[in-house]
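Everything below concerns the one structure shown next.
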There are 2 protein chains.
Amino acid sequence: MRLFKSSEYAIRCLVFMAISECDLCPVQQLATELNIPFKFLGRLMGRLRAAGFVESVRGKHGGYRIAKPLEKIRLEAIIDTVEGLDTYDRCILGFDRCDEENPCPLHDFWKSPKAGIQEMMAQVTLADMVQAKGKKLS
Amino acid sequence: MRLFKSSEYAIRCLVFMAISECDLCPVQQLATELNIPFKFLGRLMGRLRAAGFVESVRGKHGGYRIAKPLEKIRLEAIIDTVEGLDTYDRCILGFDRCDEENPCPLHDFWKSPKAGIQEMMAQVTLADMVQAKGKKLS
DNA sequence: TCTATATTCTACCCGGAGGTAGACATTGCG
DNA sequence: CGCAATGTCTACCTCCGGGTAGAATATAGA
């Protein structure tokens, strides 16, 4: 079980920006502080911008800032934007049509753990992550 | 959250063999019945054999059969053999040292879902899967 | 206006999981 | 023996997530 590297990066950047004193964070700063490849992060931030999580200011002294209230940015939404949610709502054996009528051998055993993951992702917001006791970002 | 294709294949094959009337299952039969690439499955079965889950008989009328009591084959062990367990016991943000002393922003939220997955994998055995109400294998 | 610092866009490379092909080894059976 | 059916081994191909490089564009400030 692991997120895509891109999702990890996105979450760490959003938490960093939420905590940061600065208003605008240039990609260079995020990349350096969080130890993320600069060019790669540039593209990722563009996608977070397109999705409405952040807004950008171009040119000198530009950068990114969070564009919504922290409570309105759910973990689920971040992951959905970056990598999609389909892998978190599928049969653990990969079957397209695995349901109560025609379940795979792991269907019942997988139900509860899967629900746990989904519930967590649906409830936790950026505000929760910022208020959490842990702030390790690199 | 998803298993490697190889893990899905391994689980489906083991359940199929456990259910099957036949003693020996040739790879060709498994590949056809379960719709798995033949050559690919050949290699995978070799690894399941090396790990002791199945044993093989070469030559005409050969094939594979399960080599241990079904109750002694845990889901955890299958997955460990095929893809390793490290991705199921790590920080969800990918940090090497993320613990109670120095937790990441998701550490506390991730604890319970992660434990749910690990517990499920550690408890479910091949016998459980065979007895489950669901037997969808393709 | 010019320059430095930004974002943004496009093209390419790398490694690993999944998949394919073919040769080789082993064995039952006519 | 000789053939057919099987497992076993090695080499290669494909796709995609991750990562790199460079040019184009925008803008604050001297």
Side-chain angles (χ1 to χ4, degrees), chain A residues 1-13 17 22-67 79-84 86-87 93-94, chain B residues 1-13 17 22-67 79-84 86-87 93-94:
Chain A
M1 167 68 198
R2 67 177 299 182
L3 301 174
F4 285 21
K5 265 271 169 60
S6 296
S7 296
E8 297 176 2
Y9 292 161
I11 296 165
R12 289 166 58 202
C13 284
M17 287 188 287
C22 325
D23 175 36
L24 284 170
C25 296
V27 177
Q28 191 55 260
Q29 180 190 11
L30 294 169
T32 304
E33 300 266 3
L34 301 179
N35 199 32
I36 300 172
F38 170 61
K39 288 290 191 179
F40 188 76
L41 184 55
R43 259 181 317 186
L44 177 57
M45 293 308 294
R47 293 173 59 195
L48 295 182
R49 174 180 141 276
F53 296 115
V54 297
E55 56 194 14
S56 66
V57 175
R58 299 179 62 154
K60 197 166 183 177
H61 301 153
Y64 287 92
R65 76 164 70 88
I66 294 181
I79 294 175
D80 187 24
T81 297
V82 178
E83 64 177 87
D86 41 323
T87 62
L93 287 187
Chain B
M1 168 68 198
R2 66 176 299 183
L3 300 176
F4 283 23
K5 266 270 168 61
S6 296
S7 296
E8 297 175 3
Y9 291 161
I11 295 166
R12 289 165 59 203
C13 285
M17 287 189 287
C22 325
D23 175 35
L24 283 171
C25 296
V27 177
Q28 191 56 260
Q29 180 190 11
L30 294 169
T32 303
E33 300 265 3
L34 301 179
N35 199 33
I36 299 172
F38 170 59
K39 287 291 190 177
F40 188 76
L41 185 55
R43 260 181 315 182
L44 178 56
M45 293 306 295
R47 293 173 58 195
L48 295 182
R49 174 180 141 276
F53 295 115
V54 297
E55 57 193 12
S56 67
V57 174
R58 300 178 64 153
K60 197 166 185 175
H61 302 152
Y64 287 92
R65 77 163 68 89
I66 294 180
I79 295 175
D80 188 24
T81 297
V82 178
E83 63 177 86
D86 40 324
T87 63
L93 288 187

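First the proteins, then the strands, lettered A, B, ... as listed; each starts at 1. Below, each value reflects all heavy atoms present in this structure, side chains not excepted, and no hydrogens, waters or symmetry copies.
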Produce the list of close N/O pairs, under 3.5 Å, pairing protein atoms with atoms of nucleotides 13-16 of chain D; give distances to one decimal.
none

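For B/N35, the CG atom sits in a loose shell: 12 or fewer heavy atoms of surrounding residues, nucleotides or ligands are nearer than 6.0 Å.
Counting non-hydrogen atoms under 4.0 angstrom, A/G42 reaches nothing in the nucleic acid. Residue contacts for A/F40: at a heavy-atom cut-off of 4.0 Å it reaches a base atom on one of the strands shown.
In this entry the distance linking CG of A/L3 with C1' of D/dG18 reads 15 Å, nearest Å. One interatomic measurement links the two molecules: CE of B/M45 to P of D/dT8, which rounds to 9 Å at whole-angstrom precision. Between the CZ atom of A/F38 and the P atom of D/dG22 there is a distance of 13 Å, given to the nearest Å. Rounded to an integer number of Å, the gap from A/K5 NZ to D/dT20 P is 11 Å. In this structure, B/L44 atom CG and D/dT8 atom P are separated by 12 Å, rounded to whole Å. Atom CZ of B/F4 is separated from atom P of C/dG18 by 6 Å (rounded to the nearest Å). Atom CD of B/Q28 is separated from atom C1' of D/dT8 by 15 Å (rounded to the nearest Å). Rounding to whole angstrom units, CZ of residue B/R47 and P of C/dG18 are separated by 9 Å.
At least one side-chain heavy atom of B/Q29 sits under 4.5 Å from a side-chain heavy atom of B/C22. In this structure, B/R65 and B/M17 have side chains that are not in contact, with every pair of non-hydrogen atoms separated by 4.5 Å or more. Within the 4.5 Å cutoff, the side chain of A/L24 has no heavy atoms near those of the A/H61 side chain.
Side-chain to base pairing of B/R49 with D/dT8: no donor and acceptor N or O lie closer than 3.5 Å to each other. Taking 3.5 Å as the limit, the base of D/dG19 and the side chain of A/R43 contain a donor-acceptor pair of atoms between them.
With C/dA17, D/dT6, C/dT7 as the choices, the nucleotide that has an atom nearest any side-chain atom of B/P26 turns out to be D/dT6.
The side chain of B/Y9 contributes no N or O atom lying less than 4.0 Å from OP1 or OP2 of C/dA17. Distances shown here put every side-chain N or O of B/S56 at or beyond 4.0 Å from the OP1 or OP2 atom of D/dT6. Residue B/S6 places none of its side-chain N or O atoms closer than 4.0 Å to OP1 or OP2 of C/dA17.
Heavy-atom minimum distance, B/Y64 versus B/S56: CE2-CB, 3.5 Å. The two atoms that bring B/A31 and B/L41 nearest to each other are N-CD2, 3.8 Å, heavy atoms only. Closest approach of A/A67 to A/G52, counting heavy atoms only: CB-O, 3.8 Å.
Taking CD of A/E8 as the start and CD of A/E83 as the end, the distance is 9.0 Å to the nearest 0.5 Å.
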Note to self: Set out, in order, the CA-CA distance, both residues' side-chain angles and the distance that settles side-chain contact (heavy atoms from CB on, under 4.5 Å) for B/L30 and B/I36, then state yes or no.
What the structure shows: CA-CA 8 Å; B/L30 294 169; B/I36 299 172; over 6 Å; no
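Between the side chain of B/R47 and the backbone N or O of B/V82 there is at least one donor-acceptor pair closer than 3.5 Å.
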Notebook entry, point to check: Which letter, B, S or -, goes with each nucleotide of nucleotides 22-30 of chain C from 5' to 3', with contact meaning a protein heavy atom under 4.0 Å?
Noted result: BB-BBBBS-
